[in-house]
Participant: 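One structure is given below, represented as structure tokens, and several questions about it will come after.
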Amino acid sequence: MDSTQNITQQPSLAIDLERDELSYIVYGNGTQPKIGTVTLDAGTDSKQTLENAVYDTPQLLEDYSHTTIALHSQHFVVMPAELTASANIVFQASFSSLEGELMTCQVKNTEAAIACDVPLGVTAFLQRTFGAPTLLHHLAPLIAYCAEAYADDNGCMHINVTEQEAHIVATLGGKLQLANTYPYHSVDDIIYFALAAFRECHFDSRADKVFLSGDNELRSRLAEPLRQRIAYVMPELFPSQALTTLGNEAINLPFNLIATAIYI
């Protein structure tokens with residue numbers, strides 16, 4: 001059997017890399033999905049902490065046909081893809097300086113790109129360790145999913161809620177209108193951010209839609225207050241591609257990890 005055939009028969013790896021946690025799933029080619037979470041010490045050097053976590057997790061160091069990694073970064077700019085060559089200038093127009101190094105990624109299914117600030121040495125370590133992985137800002141998988149899933153709809157807003165952040169993406173006919181991440185202290189904060197984004201996009205509260213994903217309890221607490229202002233507020237339909245690619249176990253995965261795994 002030649003080496004090309006060996007590579008294509010290997011499973012794939014998707015990683016969602018937050019400041020204090022690394023979540024991953026191994027999937028594909030008939031293998032049972034393997035899911036794991038590694039806690040990171042956010043109080044020490046980011047690159048060294050990440051290296052230690054990866055080297056201490058043998059599952060991450062196996063051979064994979066492809067690896068997709070979403071890196072969470074709070075300092076980022078969503079811009080037209082044609083400006084990628086000038087990403088440094090665009091980024092510094094919004095932020096006075098880089099705290100680490102600039103990473104850019106083009107977003108599938110859109111004409112957008114994202115420039116973001118990541119800790120020094122992290123991208124080089126990931127490239128070296130995982131063999132030319134696809135490196136993305138954490139919003140890129142969600143944007144790509146929304147652009148494809150809502151391509152035939154008018155105004156659609158997706159709110160993915162986690163314990164600390166709300167990720168909001170808005171599209172109109174599949175075209176990106178807004179994408180941002182909002183740290184919050186209470187559900188009222190999320191409601192405020194969502195309604196402000198809805199207005200900023202000039203969406204119609206009687207016709208356009210809001211889809212909710214993420215933490216079940218937070219979604220239930222968001223739904224009714226939003227329905228008082230917006231007619232169509234509903235849970236996000238589970239992506240059929242995720243069931244095909246990841247199996248039934250995907251139903252219990254965080255939506256951002258699902259979106260990263262099906263980004264390919």
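Note: hydrogens, waters and symmetry copies are ignored here, and every other heavy atom, side chains too, is used.
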Participant: Show the nearest heavy-atom pair for residues L60 and F130, with the distance to one decimal.
Facilitator: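 Distance-wise, the nearest heavy atoms are O-CE2, 3.3 Å.
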
Participant: So, for I230 and D208, which heavy atoms are closest and what is the spacing to 0.1 Å?
Facilitator: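 The pair with the smallest heavy-atom distance is CG2-O, 4.0 Å.
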
Participant: Would you say Q59 has more than 12 foreign heavy atoms packed within less than 6.0 Å of its CD?
Facilitator: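 It does: Q59 CD has more than 12 such atoms within range.
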
Participant: When rounded to the nearest 0.5 angstrom, what distance separates CD1 in I168 from OG1 in T181?
Facilitator: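 It comes to 9.0 Å.
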
Participant: Parallel, tilted or perpendicular: which fits the ring planes of F211 and Y150, with parallel below 30° and perpendicular above 60°?
Facilitator: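 Plane angle under 30°, so parallel.
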
Participant: Might you point out which heavy atoms bring Y263 and A144 nearest each other, and give the distance in Å?
Facilitator: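 Shortest heavy-atom contact: CE1-CB, 3.6 Å.
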
Participant: To the closest 0.5 Å, what do you measure between CD1 (I35) and CG (L246)?
Facilitator: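 Here the rounded value is 8.0 Å.
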
Participant: To the nearest 0.5 Å, what is the distance between CG on L218 and CZ on R221?
Facilitator: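 If we round to the nearest 0.5 Å, L218:CG and R221:CZ are 6.0 Å apart.
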
Participant: Is there a path from V107 to L178 through hydrophobic residues (I, L, V, M, F, W, Y) whose side chains come within less than 4.5 Å of each other?
Facilitator: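 The answer is no; the residues belong to distinct hydrophobic clusters.
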
Participant: Tell me, with the steps shown, if I159 and L226 meet side chain to side chain contact (heavy atoms under 4.5 Å, CB included).
Facilitator: CA-CA 11 Å; I159 307 173; L226 288 174; 4.1 Å; yes

Participant: Should I258 and I25 be counted in the same cluster of Ile, Leu, Val, Met, Phe, Trp and Tyr side chains packed under 4.5 Å apart?
Facilitator: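 As far as the 4.5 Å side-chain criterion goes, I25 and I258 are connected within one cluster.
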
Participant: Looking at E148, I want to see if its CD is surrounded by more than 12 non-hydrogen atoms of other residues, nucleotides or ligands under 6.0 Å.
Facilitator: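 For E148, atom CD is not crowded (no more than 12 foreign heavy atoms under 6.0 Å).
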
Participant: So how far is it from E18 CD to T39 OG1, rounded to the nearest 0.5 Å?
Facilitator: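 Answer rounded to 0.5 Å: 11.0 Å.
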
Participant: Using a cut-off of 6.0 Å, state whether more than 12 heavy atoms not belonging to E163 lie near its atom CD.
Facilitator: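 No.
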
Participant: Run S213 and N160 through side chain to side chain donor-acceptor pair (under 3.5 Å) and show every step you take.
Facilitator: CA-CA 5 Å; S213 68; N160 180 40; 3.0 Å; yes

Participant: Do E165 and Q74 meet the criterion of a side-chain donor-acceptor pair at a distance under 3.5 Å?
Facilitator: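 There is such a pair (donor and acceptor under 3.5 Å, judged by atom type) between the side chains of E165 and Q74.
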
Participant: Which atom pair, heavy atoms only, marks the closest approach of S65 to Q10?
Facilitator: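 Heavy-atom minimum between the residues: OG-O, 3.2 Å.
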
Participant: Given the rule in the side chain to side chain contact (heavy atoms under 4.5 Å, CB included) test, do Y24 and D16 qualify, once you have shown the distances and angles that lead to the verdict?
Facilitator: CA-CA 6 Å; Y24 68 90; D16 188 67; over 6 Å; no

Participant: Which heavy atom of A170 sits nearest a heavy atom of C201, and at what distance?
Facilitator: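 Shortest heavy-atom contact: CB-SG, 3.6 Å.
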
Participant: Applying side chain to side chain contact (heavy atoms under 4.5 Å, CB included) to H137 and F76, what does each step give before you reach the verdict?
Facilitator: CA-CA 8 Å; H137 180 265; F76 64 92; 3.4 Å; yes

Participant: Atom CG of L136 and atom OG1 of T260: how far apart are they, to the nearest 0.5 Å?
Facilitator: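 OG1 of T260 is found 7.0 Å from CG of L136.
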
Participant: Please determine whether the number of non-hydrogen atoms from other residues, nucleotides or ligands lying under 6.0 Å from atom CZ of R229 exceeds 12.
Facilitator: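 Atom CZ in R229 is not crowded, with 12 or fewer foreign heavy atoms closer than 6.0 Å.
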
Participant: Okay, side chain of Q177, backbone of K175: is any donor-acceptor separation there less than 3.5 Å?
Facilitator: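 Side chain of Q177 to backbone of K175: a pair is present.
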
Participant: So with a 6.0 Å cut-off around CG of D204, is the heavy-atom count from everything else above 12?
Facilitator: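 Above 12, so yes.
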
Participant: Would you say D117's side chain and H75's backbone share a donor-acceptor pair under 3.5 angstrom?
Facilitator: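 Side chain of D117 to backbone of H75: no pair is present.
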
Participant: Regarding T123 and E101, do their side chains bring together a donor and an acceptor under 3.5 Å, going by distance alone?
Facilitator: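 Their side chains do contain a donor-acceptor pair, which is all the 3.5 Å distance test asks for.
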
Participant: Within a radius of less than 6.0 Å around OH of Y192, do more than 12 heavy atoms belonging to other residues, nucleotides or ligands occur?
Facilitator: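 Counting other residues, nucleotides and ligands, OH of Y192 stays at 12 neighbours or fewer.
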
Participant: Would L135 and M103 satisfy side chain to side chain contact (heavy atoms under 4.5 Å, CB included), going step by step from the backbone distance to the final call?
Facilitator: CA-CA 9 Å; L135 299 181; M103 184 187 84; 4.0 Å; yes

Participant: Output yes when a side-chain donor or acceptor of Y232 lies under 3.5 Å from a complementary backbone atom of C156, and no otherwise.
Facilitator: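 No, because the side chain of Y232 does not come within donor-acceptor range (under 3.5 Å) of the backbone of C156.
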
Participant: Just wondering, more than 12 heavy atoms not from R206 lying within 6.0 Å of its CZ?
Facilitator: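 No, the 6.0 Å shell around CZ holds no more than 12 heavy atoms from other groups.
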
Participant: Any non-hydrogen side-chain atom of I69 less than 4.5 Å from a side-chain atom of T67?
Facilitator: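 In contact.
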
Participant: What pair of heavy atoms forms the shortest contact from I262 to Q241, and how long is it?
Facilitator: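 Smallest heavy-atom distance, with atoms named: O-NE2, 3.5 Å.
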
Participant: Would a single hydrophobic cluster contain both V77 and Y182, if residues Ile, Leu, Val, Met, Phe, Trp and Tyr are joined by side-chain heavy-atom contacts under 4.5 Å?
Facilitator: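 Hydrophobic grouping puts Y182 apart from V77.
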
Participant: Can you check whether F198 reaches V210 side chain to side chain, under 4.5 Å on heavy atoms?
Facilitator: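 In contact.
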
Participant: Less than 6.0 angstrom from the centroid, inside 45 degrees of the normal: does K34 satisfy that with respect to the ring of Y27?
Facilitator: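 No, a cation-pi geometry is absent between K34 and Y27.
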
